Amino acid sequence: MHPIRKQRLIFISVFMIAIGIACALALYALKQNINVFYTPSQLLQTKLSRQQTLRVGGLVQNASVKHNTSDNQVCFVITDDHHEVTVYYTGLLPDLFREGQGIVAEGKLRADGAFQASEVLAKHDENYLPPPVAAALATKSETMHA
Amino acid sequence: MTLLSFLKMGGYAAYVWPAFGSVLSVLVYNSAKAYVTYRMLIKRLSSMSETRHAPYP
Amino acid sequence: MSLWTLWYRLTSPKGFTYFATACIPWLALGCLLTLAYGLVAGLYVAPADYQQEDAFRIIYVHVPCAFVSLLIYSALTVAAITCLVWRVKLANTFVDAAAPVGAALTLLALVTGSLWGKPMWGTWWIWDARLTSELLLLFIYCGIMALKNAFPDKRQGSVFKNAFVVIGSVNLPIIHYSVAWWNTLHQGSTFTLLGPSKIAPVMSQPLTVMLVAFSLYAALMVLLNMRNAVLLECQRARWVSAWLAKRKR
C-alpha cells in the first residue's frame, strides 16, 4: 500500500478507537441515567428521595392484582424474581396488562415503601407466536410443572 | 374472513394502516422522484448532445 | 480480467453508469415482487400474535425500516473510509446518494415504532436507550446531508463530511446493543445469531421476505441517486453522448 494511504488508514483507525473509548466511558458513567426504569432489586439498593419521579419495571406477580371497582384503583405486585414492590395505580391499564406481563410504572415512592404510579406502560416481550402454538406451549409447561 | 374484518385489523386499524400507508407512500414518492429526475436529466442531456453534434446524421 | 481492473472500471463514471443501468430494472422487479409477497403474507397469511393480536403486523414494516437504516449506515461508514484513505470519488457519490435514503428509513422506523408503541405500550414515545439512539441516527443522517453543501471548497467539504460519517458510526453498536446494555421499554432482539429464534416460522418468513424487499429497495434508490449525480457531473463528457445514443437504440 502507498505510504500516505497507509498513514491515513492508521490515523482513521486510531481516531475511531479513541472515539469508541470516549463514548464507552461516557455511557458507563451515565449508566444509571440511561436505564429507563429501576428493577425492584435496584430500587432497594439505591437511596432515592420520595419527591423524585421515577419508573419501576418488572413482571406482574401471579394472583397479585386486586381491583377496587368503586374508585377504579388497582393494586398489584411487580417482581424481578428476587425482590418485590407493591404498586398502587388509579386509571386505565394498557391492553397488554395481565398477570405475568412485564410492565413499567412511572410515579413516586410512598412512605410505606410501596409505589404510587401515575402511569403504567406495558413492556411486551420479543416472542411472537400464533395463538394455538402459544396455548400448546402453555399446557406443555403446565404438565411439566405437574 | 370478510373484507370488513380484514380492514378492521382486530380493532387496531387506526395503527396498522397508517404504519403501512406511511411507509409505502414514502417509498413510492422517493423512488418516483429519483426516476423523474433521471428522465428530465436524460431529456436535457439529449438536447445538449444533439446541438453539439448538429451535422451528425 | 483481474479483480483490480474490474474495480477500476466499475468505479469510473462511465463503467458505473453502464453497470447501474443494467442493474436497475432487475432490482426494481425483485423489489416489487418481494414487497408484494411480503405485504400479502404479512397482512393476510400470517396469523395474529397470541398477545399483541393484529397490532403485531406493524413489525413487517417497522423492523425492515430499522434494519435497513442501520445497514445503510454501515455501508456509509465503509464508503467514507474508502473515500478518506483511497480518495475514490465514487465512494463520495455513494455517501451523498445513500444518506437521504437512510434518513427516510430512519424516520419511517421511528413513525411506525410510535404507531406500534401507542396501542401496545400505552405511549407514543419514551426516552429509552433504543428510541433515543435511533433518533440520534436520524439527526446524524441530517447532519451528513447538511454537510454535503456546507463548504465552498468541494474537497475540503468531502473530508469533513466523511470524517463526520466515521464519527457517527459509534452510534451503530449503541443502537444494536441498547436493549441488552440498559433497561429499556423496547423489547430485546427477536433474532439472535446463536440460539433459537423467538418468532414462529409462519410469522418470521414474511419478515425475512420484507427484509430482502427493503434491502433491494435501498440498493435501487442508491443506484438511481448515484446515476443521477454521475450524469449531472459528467454531462459534458463524450462517453455520455455515446451512452445516450446507445440507450435510444
Side-chain angles (χ1 to χ4, degrees), chain B, chain C residues 21 24 28 31 35 39 42-44 48-49 52-62 64-65 97 100-101 104-105 107-109 111-120 213-214 217-218 220-229 231-232 234-236 238 240-245 247-248:
Chain B
M1 193 164 72
T2 64
L3 183 68
L4 196 69
S5 76
F6 174 70
L7 289 176
K8 270 187 181 161
M9 274 290 148
Y12 292 108
Y15 304 101
V16 174
W17 294 119
F20 278 80
S22 62
V23 169
L24 288 181
S25 50
V26 170
L27 296 195
V28 169
Y29 174 79
N30 274 351
S31 49
K33 203 176 85 176
Y35 190 68
V36 167
T37 311
Y38 171 70
R39 298 303 308 185
M40 277 158 65
L41 204 59
I42 289 290
K43 220 175 178 179
R44 215 180 48 142
L45 293 182
S46 310
S47 65
M48 257 171 66
S49 67
E50 266 159 33
T51 49
R52 205 188 316 163
H53 305 293
Y56 209 71
Chain C
T21 311
I24 282 168
C31 178
L35 195 64
L39 281 176
L43 283 169
Y44 184 76
D49 182 55
Q52 306 188 39
E53 297 165 22
D54 283 310
F56 110 96
R57 294 182 196 281
I58 296 176
I59 199 176
Y60 295 120
V61 283
H62 174 71
C65 284
V101 184
L105 288 167
L107 180 67
L108 287 173
V111 169
T112 53
S114 201
L115 284 165
W116 196 0
K118 185 62 188 168
M120 290 300 108
F214 277 64
Y217 172 79
L220 171 71
M221 280 305 296
V222 169
L223 285 187
L224 276 172
N225 286 347
M226 279 175 85
R227 184 174 65 176
N228 285 348
L231 284 175
L232 194 65
C234 302
Q235 47 185 302
R236 306 223 167 259
R238 195 161 294 163
V240 173
S241 12
W243 175 76
L244 278 172
R247 223 184 60 90
K248 269 181 202 150

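Each chain gets a letter, A, B and so on, in the order the sequences are listed, and its residues count up from 1. It should be emphasised that the depicted structure is a prediction, and the values quoted were computed from it without experimental measurement.
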Do the non-hydrogen side-chain atoms of [X] and [Y] ever get within less than 4.5 Å of each other?
X: Val16(B); Y: Leu43(C); result: yes
X: Asn30(B); Y: Val101(C); result: no
X: Leu232(C); Y: Arg44(B); result: yes
X: Tyr15(B); Y: Asp54(C); result: no
X: Met48(B); Y: Val240(C); result: no
X: His62(C); Y: Val23(B); result: no
X: Leu24(B); Y: Leu39(C); result: yes

Examine whether an atom of [X] lies under 4.5 Å from a heavy atom of chain B, and if so say whether it belongs to the side chain, the backbone or both; otherwise answer neither.
X: Ile24(C); value: neither
X: Met120(C); value: side chain
X: Ala48(C); value: neither
X: Phe214(C); value: side chain

Query raised in the report: When heavy-atom pairs shorter than 4.5 Å are enumerated against chain B, which of Leu231(C), Leu224(C), Asn225(C) gives the highest number?
Result: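 When all of Leu231(C), Leu224(C), Asn225(C) are compared, Leu231(C) has the most.
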**Report entry** chain B interface, residue from Leu105(C), Leu107(C), Ile58(C) that has the most non-hydrogen pairs under 4.5 Å
**Finding:**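 It is Ile58(C).
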Distance (rounded to the nearest 0.5 Å) between [X] [atom1] and [Y] [atom2]:
X: Leu41(B); Y: Gln235(C); atom1: CG; atom2: CD; answer: 7.0 Å
X: Tyr35(B); Y: Leu220(C); atom1: OH; atom2: CG; answer: 11.0 Å
X: Leu244(C); Y: Ser47(B); atom1: CG; atom2: OG; answer: 10.0 Å

**Report entry** Polar side-chain atom of Tyr217(C) near backbone of Leu27(B) as donor-acceptor pair, under 3.5 Å
**Finding:**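 Side chain of Tyr217(C) to backbone of Leu27(B), a donor-acceptor pair under 3.5 Å: yes, one is there.
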Report task. Examine distances only and state if a side-chain atom of Asn228(C) and a backbone atom of Ala34(B) form a donor-acceptor pair shorter than 3.5 Å. Result ->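 Present.
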Query raised in the report: Closest approach of Glu53(C) and Tyr12(B), non-hydrogen atoms and distance?
Result: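 Where Glu53(C) meets Tyr12(B) most closely, the heavy atoms are OE1-CE1, 3.8 Å.
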